[in-house]
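Notes to accompany the following structure.
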Amino acid sequence: MEAACSPPSAGKFVVVGGGIAGVTCAEQLAIHFPSEDILLITASPVIKAVTNFKQVRDLMLKRKSNLLLTHLPQTHLSNLEVSKVLEEFDVEEQPSTMLGNRFPNIKVIESGVKQLNSKEHCILTEDGNQHIYKKLCLCAGAKPKLICEGNPYVLGIRDTDSAQEFQKQLTKAKRIMIIGNGGIALELVYEIEGCEVIWAIKDKAIGNTFFDVGAAEFLTSKLIAEKPEAKIAQKRTRYTTEGRKKEAQTKANAGNTGSALGPDWHEGLDLKGTKEFSHKIHIETMCEVKNIYLQEEFRISKKKSLTFPRDHHNQLVIADKEIWPVYVELTNEKIYGCDFIVSATGVTPNTEPFLCGNNFDVAKDGGLKVDDHMHTSLPDIYAAGDICTASWQPSPVWQQMRLWTQARQMGWYAAKCMAAASAGESTDMDFSFELFAHVTKFFNYKVVLLGKYNAQGLGLDHELILRCTKGQEYIKAVLQNGRMMGAVLIGETDLEETFENLILNQMNLSAYGEDLLDPNIDIEDYFD
Ligand code: FAD
């Protein structure tokens, strides 16, 4: 048992959470303070480790005298000359002992936090121990927001165990219903084979977290076409489960507080239902779930469900004779029976154990508000990753999204701020918060999202320049007052670095007009 609550000066640097944010934060603290013990408290026996981190070093801007970096503070110039915002890394789920092997001064405690006493600088864990901190970083992630709690036919996908449970259920399924329009739903509808999928979204078009209607149409044609046999090899963040121990798995199941999955989370899973076809998807747009009925409830209700629409455009209503375990009534009055429902409707920050008795400023989305130094509203408590809500005035081309890359960047920067604060020094905002940049893969296309890629918050006076080659690429540049504010690049466009630079340097592009995306002009070369 650790010492009971004593003065904070006697405490350690403590990080809660073994996901990307927490592990990155603990590692950086261990590097900053090699002679101090860093405590990582985590509810799950496996931790997430970032490996093969790559930030493309790029001297392109250095070479250009015509691209003046007028809008950036001077402190960022040297950074900009050598680094890019887009980053790539692999993520491995490892037993927590591996972290201690790499950083002997990190002590991992496998136990959930039960309570936080911020006045006493003290944390109480499920194993009954108390830990005193001098500075604390909360990185407890988020959990799926389910459309309804306690229904055995409604699954949320969050961690390895829930993904495996989903796979198990899918092997017995003929039809499932997916609710939600974010990244997880997008990945699932494309990956699932041998099972009818009814996808209900509340928007007009698919993937509206990431795409406008044009990009959605480009992707929809791929979704309803037959899948290629072999997948295109893709350079991107990879998720592996190598090194995961069976024993660890059992413990994680019990607590249900494992780390969030991430890019390529479905790669190791065989997402196949009971049927032989590749994929069969029907999309119901602009609707939400009105009611969920179990089999017997549905029988008593005397309502009628519909068969799977025969083709994508066929809205012919045919009553379904088949009996299903669960039925979903949508707000457009259609009812479909299915084997189970996947609720992919976003996440809620994991704040419960920390809020009781502690007067944190909490954002509307349930996250702990953090300032531009990742500091919460309470003394000596920082937060990073999915648990927090960025509450500083952001750069005009950055926004928070609960993504893997941002969890890493926040964890890294929080450690830097904690170290600076404990040395009484100040620190500049990290450059990664200058520009929103995300690389992912949807429907086997490489997808790069930059800045205000959906013109978020730009008002009506923005302009979109598009280039689309069916089945190959979709490029959208968002401009305001002649300056590039964001971009969506789908396919192998090779434009990410050029666009990233154009957004960062805010060059006036008015003179180029639509030529900016003229396929006969090599703009990469032009701006080089
Ligand atoms: P987490 O990874 O959730 O880690 C939280 C940690 O806190 C865990 O170790 C947990 O055990 C621990 N914890 C929780 N409560 C307690 C407690 N009370 N006491 C102690 N420890 C506690 N992002 C992308 O960028 N690209 C993608 O393609 C992508 N796909 C995704 C697919 C799925 C299915 C999911 C669920 C997420 C996906 N994400 C993706 C999001 C990404 O995984 C998260 O944004 C990121 O992992 C958040 O990291 P984190 O460290 O903040 O939290």
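Note that these values count all heavy atoms, side chains included, but never hydrogens, waters or copies made by symmetry. Counting begins at 1 with the first residue of the sequence. In each ligand, atom 1 is the first atom listed, and ligand 1 is the first ligand listed.
With a 4.0 Å heavy-atom cut-off, ligand 1 is reached by the backbone of L403 and by its side chain too. Residue-level proximity to ligand 1 for D386 is carried by backbone and side chain together, each with a heavy atom below 4.0 angstrom. If you look at H438 next to ligand 1, the close heavy atoms, those under 4.0 Å, all belong to the side chain.
The E187 neighbourhood of ligand 1 comprises atoms 28 (O), with distances under 4.0 Å to a heavy atom of that residue. Close contacts between ligand 1 and V113 involve ligand atoms 17 (C), 18 (N), 19 (N), 20 (C) [criterion: under 4.0 Å to a heavy atom]. Of all atoms in ligand 1, numbered sequentially from 1 with element shown, those under 4.0 Å from a heavy atom of R402 are 41 (C), 45 (O). Ligand-side atoms of ligand 1 in range of G385: 52 (O), range being under 4.0 angstrom from any heavy atom. The S44 neighbourhood of ligand 1 comprises atoms 11 (O), with distances under 4.0 Å to a heavy atom of that residue. The distance from ligand 1 to the heavy atoms of A407 drops below 4.0 Å at these ligand atoms: 48 (C), 49 (O). Less than 4.0 angstrom separates some heavy atom of A21 from each of these atoms of ligand 1: 51 (O), 52 (O). If you number the atoms of ligand 1 from 1 as listed, the ones under 4.0 Å from a heavy atom of C139 come out as 5 (C), 6 (C), 7 (O).
Ring centers of Y190 and F443: under 6.0 Å apart, within the cut-off. Aromatic rings of Y474 and Y445 (six-membered ring for Trp) have centroids beyond the 6.0 Å cut-off, not under it.
If you check each of A140, G18, G17 against atom 5 (C) of ligand 1, the one with the closest non-hydrogen atom is A140. Considering G156, P353, A142, G141 only, the shortest heavy-atom separation from atom 53 (O) of ligand 1 involves G141.
Contact check on K143 versus E352 returns a salt bridge, with a Lys/Arg side-chain nitrogen under 4.0 Å from an Asp/Glu carboxylate oxygen. Salt bridge present: E36 and K134 bring a charged side-chain N and a carboxylate O closer than 4.0 Å. Using a cut-off of 4.0 Å between Lys/Arg side-chain N and Asp/Glu carboxylate O, R402 and D365 are scored as salt-bridged. R102 and E27 are joined by a salt bridge, as a carboxylate oxygen and a charged side-chain nitrogen come within less than 4.0 angstrom of each other.
Side-chain contact between W398 and L435: absent, with no pair of heavy atoms (C-beta onward) separated by less than 4.5 Å.
Remark: ligand 1 and W404 share an N or O pair separated by less than 3.5 Å (distance only, no angle test). In terms of polar-atom proximity, defined here as any N/O pair under 3.5 Å, A43 does make such a contact with ligand 1.
There is no side-chain donor-acceptor pair under 3.5 Å between D212 and N454.
Summarising the local packing, CZ of F360 is surrounded by more than 12 heavy atoms from other residues, nucleotides or ligands at distances under 6.0 Å.
Between F442 and F210, the ring-plane angle classifies as tilted under the 30° and 60° cut-offs.
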